[in-house]
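Below is one structure; the comments refer to it alone.
Worth saying up front: this structure is predicted, and the values here are computed from it rather than measured. Note that ligands are numbered from 1 as they come in the structure, with each ligand's atoms numbered from 1 the same way.
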Amino acid sequence: MGVKKYYLPDNFILGAAASAWQTEGWAGKKEGQESFIDVWYKSNPELWYNGYGPAIATDFYNRFREDIRLMKEIGLDAYRTSIDWSRFLRNYETAEVDEDAAEYYDSVINELIKNGIEPMICLEHYELPALLLEKYGGWGSKYVVDLYVKYAEKVFNLYGDKVKYFFTFNEPIVIQTRAFLDSVRYPFRQDTKTAMQWNYNKILASAKAIEVYKKSKYNGKIGIILNVEVTYPRSLAEHDVMAAKIYDLFFNRFYLDPCVKGEIPVELIEILKFHRCNFEFTKEELDIIKNNTVQILGLNLYTPARIKARESAWNPATPFHPSFYYDKFELPGRKMNLSRGWEIYPRIMYDMAMRIKNEYGNIEWLVTENGMGIENEQKFKNDDGVIQDDYRIEFISEHLRWLLKGIEEGSNCKGYMLWSFTDNVSPLNAFKNRYGLVEIDLDNSRNRRIKKSGYWYKEVLKNRYFEYKDFTPEYI
Ligand code: BG6
């Protein structure tokens with residue numbers, strides 16, 4: 001099998017991503033500045049792998065200069081992180097800014113720019129202030145939507161002149177799906193209607209923040225980051241295709257359609273009405289959503305969804321869940337990341353690229369996350385203590401070449417951001433699965449050390465190409 005050079009297109013952004021809560025730690029946080037994630041961790045630290053969590057995380061708050069030095073050494077084009085809403089404000093009702101936090105974020109942004117790294121800033125990566133959950137039910141409340149917009153406005157005022165990429169949310173569907181639909185995460189309530197209202201309210205909040213951003217005519221772009229799953233039916237039989245369409249409707253189109261096209265799918269509203277869990281909306285809100293679609297789209301792509309028609313009977317006593325219409329399907333022979341339990345199917349990059357081109361007006365988009373979390377990476381250390389993560393290099397190469405194929409065929413993708421720059425804290429899994437180009441050594445004061453993949457990324461960034469196996473016809 002031959003080896004081929006895969007060239008990055010001109011101006012293609014090759015970077016890495018993270019979030020505030022997964023890296024910063026609680027240093028500098030004041031009383032009353034807890035986030036949703038903070039209280040989740042405090043309520044059940046024993047559920048978090050080996051007890052690690054957001055309390056110290058990677059200590060980025062104290063060590064960001066060191067990390068940015070490493071980013072520069074590797075030569076990243078861009079770095080995405082979030083602003084922790086709960087840290088950024090002193091008063092969530094009046095949007096009074098915490099001056100220390102504002103200064104900290106200003107320093108991070110300046111340091112990135114000074115080192116030639118484009119900052120990309122997300123406004124919410126599960127960092128909803130805990131107080132707003134307690135007092136108003138969090139994203140179930142439209143009042144909280146308006147408080148978020150006030151917060152967003154403060155961020156734009158302070159950093160809008162230097163940050164060229166803003167994102168309103170990271171994976172807005174996740175929290176309520178896991179917490180209220182599946183009831184497997186804090187606050188462990190099963191309430192489908194609430195989950196659906198949270199979805200809708202976040203779509204509205206995103207549109208309202210975009211409206212505010214656009215009014216000030218900053219010289220940048222604003223979008224949203226969605227964890228879309230390329231959805232494959234088990235077979236082309238009508239029942240499997242229909243099941244996959246419904247899965248796609250609930251887990252992809254719920255956000256993609258309003259955020260990119262300005263419209264919530266009518267079929268979705270009908271199904272929800274039928275099951276008596278529709279969200280509440282007004283005509284004025286729908287107009288705001290229609291008129292404030294995203295200027296750029298961020299997509300987190302990790303694993304496909306494989307779906308078949310439901311096989312077991314539905315128990316009528318079970319509250320409505322979209323899986324009323326489908327079951328998950330495991331492809332025999334699939335390749336797995338066993339540490340994370342996710343199927344590896346690099347073709348999702350190409351299939352999503354084509355979908356965005358053909359069904360979503362070929363909007364400008366970025367891969368805002370893709371990556372591979374691996375357990376016990378220590379065992380891959382060589383004699384010099386450098387993790388030899390060839391599997392990660394292979395994973396990135398495979399995904400990138402499928403993405404480049406999509407771009408060659410006209411998809412408007414402008415970049416790829418690896419999850420993640422350093423190892424960091426995952427929800428519940430904490431430091432179990434390591435994602436970074438840079439190791440965080442928990443046994444040695446969280447020291448940083450570049451892994452083999454980090455050196456490889458550096459070469460790709462310098463050469464603007466990478467070498468990898470040529471595509472074989474069977475594989476395509
Ligand atoms: C994305 C999130 O879903 O995937 C990140 O935006 C997360 O916050 C990443 O860390 C990897 O998933 P996990 O659950 O292994 O951390």
Side-chain angles (χ1 to χ4, degrees), residues 15-25 35-38 40-41 47-50 52-54 57-58 60 79-86 120-128 165 167-179 181-182 184-186 202 206 223-230 251-252 255 297-305 336-344 348-349 352 366-377 389 391-392 395-396 399 416-438 440 453:
S19 73
W21 80 266
Q22 289 171 282
T23 54
E24 287 176 352
S35 70
F36 166 82
I37 287 280
D38 299 340
W40 174 18
Y41 174 66
L47 296 182
W48 291 62
Y49 189 76
N50 285 344
Y52 287 108
T58 71
F60 183 83
Y79 180 67
R80 163 168 86 87
T81 188
S82 56
I83 286 183
D84 178 341
W85 176 7
S86 66
M120 295 184 177
I121 296 295
C122 181
L123 298 172
E124 210 265 16
H125 195 126
Y126 321 154
E127 295 117 346
L128 169 79
Y165 295 87
F167 294 97
T168 53
F169 285 91
N170 176 80
E171 304 195 351
I173 201 170
V174 168
I175 295 287
Q176 60 275 17
T177 299
R178 311 301 281 151
L181 199 56
D182 301 335
V184 291
R185 285 187 182 174
Y186 179 84
K202 287 184 179 181
S206 176
I224 192 165
I225 295 170
L226 305 177
N227 51 316
V228 284
E229 293 167 280
V230 180
F251 296 104
N252 296 324
Y255 283 87
L297 185 62
L299 298 179
N300 294 351
L301 290 161
Y302 285 94
T303 187
M336 288 293 291
N337 170 356
L338 292 172
S339 306
R340 186 60 181 81
W342 279 344
E343 181 184 341
I344 299 177
I348 56 173
M349 310 300 272
M352 185 50 73
L366 295 167
V367 175
T368 32
E369 280 182 37
N370 170 246
M372 191 184 203
I374 293 293
E375 197 169 352
N376 289 327
E377 271 204 325
D389 51 346
Y391 42 85
R392 181 165 292 109
F395 180 95
I396 302 171
H399 284 79
Y416 172 97
M417 312 287 288
L418 181 77
W419 188 270
S420 184
F421 183 65
T422 63
D423 297 334
N424 65 29
V425 175
S426 289
L428 295 179
N429 279 334
F431 283 108
K432 174 176 141 328
N433 301 324
R434 302 307 187 93
Y435 281 92
L437 294 170
V438 175
I440 298 286
S453 60

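If you check the side chains of Tyr391 and Glu377, you find a donor sitting under 3.5 Å from an acceptor.
Gln22 places none of its side-chain heavy atoms less than 4.5 Å from the side chain of Tyr435. Using a 4.5 Å heavy-atom cutoff, the side chains of Ile225 and Arg80 are in contact. No side-chain heavy atom of Leu181 sits under 4.5 Å from any side-chain heavy atom of Gln176. In this structure, Ile396 and Tyr416 have side chains that are in contact, with non-hydrogen atoms separated by less than 4.5 Å. Taking 4.5 Å as the limit, some side-chain heavy atom of Ile344 sits within range of a side-chain heavy atom of His399. Side-chain contact check for Ile121 versus Thr81: some heavy-atom pair is nearer than 4.5 Å.
Distances between N or O atoms of Asn429 and those of ligand 1 include no value under 3.5 Å. The N/O atoms of Arg340, backbone and side chain alike, include one that comes under 3.5 Å of an N/O atom in ligand 1. Geometrically, ligand 1 and Trp342 share no nitrogen or oxygen pair separated by less than 3.5 Å. Note: no N/O pair closer than 3.5 Å links Asn424 and ligand 1 by distance alone.
The closest approach between any non-hydrogen atom of Pro427 and ligand 1 is below 4.0 Å.
Classified by interplanar angle (parallel below 30°, tilted 30° to 60°, perpendicular above 60°), the ring pair Trp48/Trp40 is perpendicular.
Summary of contacts: the protein heavy atom closest to atom 2 (C) of ligand 1 is Glu369 OE1, 3.4 Å. For atom 3 (O) of ligand 1, the closest non-hydrogen atom on the protein side is Glu171 OE1, 2.6 Å. For atom 16 (O) of ligand 1, the nearest protein heavy atom (residue, atom name, distance) is Ser426 OG, 2.5 Å.
With a 4.0 Å cut-off on non-hydrogen atoms, Asn433 does not touch ligand 1 at all.
Remark: ligand 1 atoms within the under-4.0 Å shell around heavy atoms of Asn170 are 6 (O). Taking every heavy atom of Gln22 and a limit of under 4.0 angstrom, the matching atoms of ligand 1 come to 5 (C), 7 (C), 8 (O), 10 (O). Atoms of ligand 1 found under 4.0 Å from any heavy atom of Tyr435, numbered from 1 in the order shown, are 11 (C), 12 (O), 13 (P), 15 (O).
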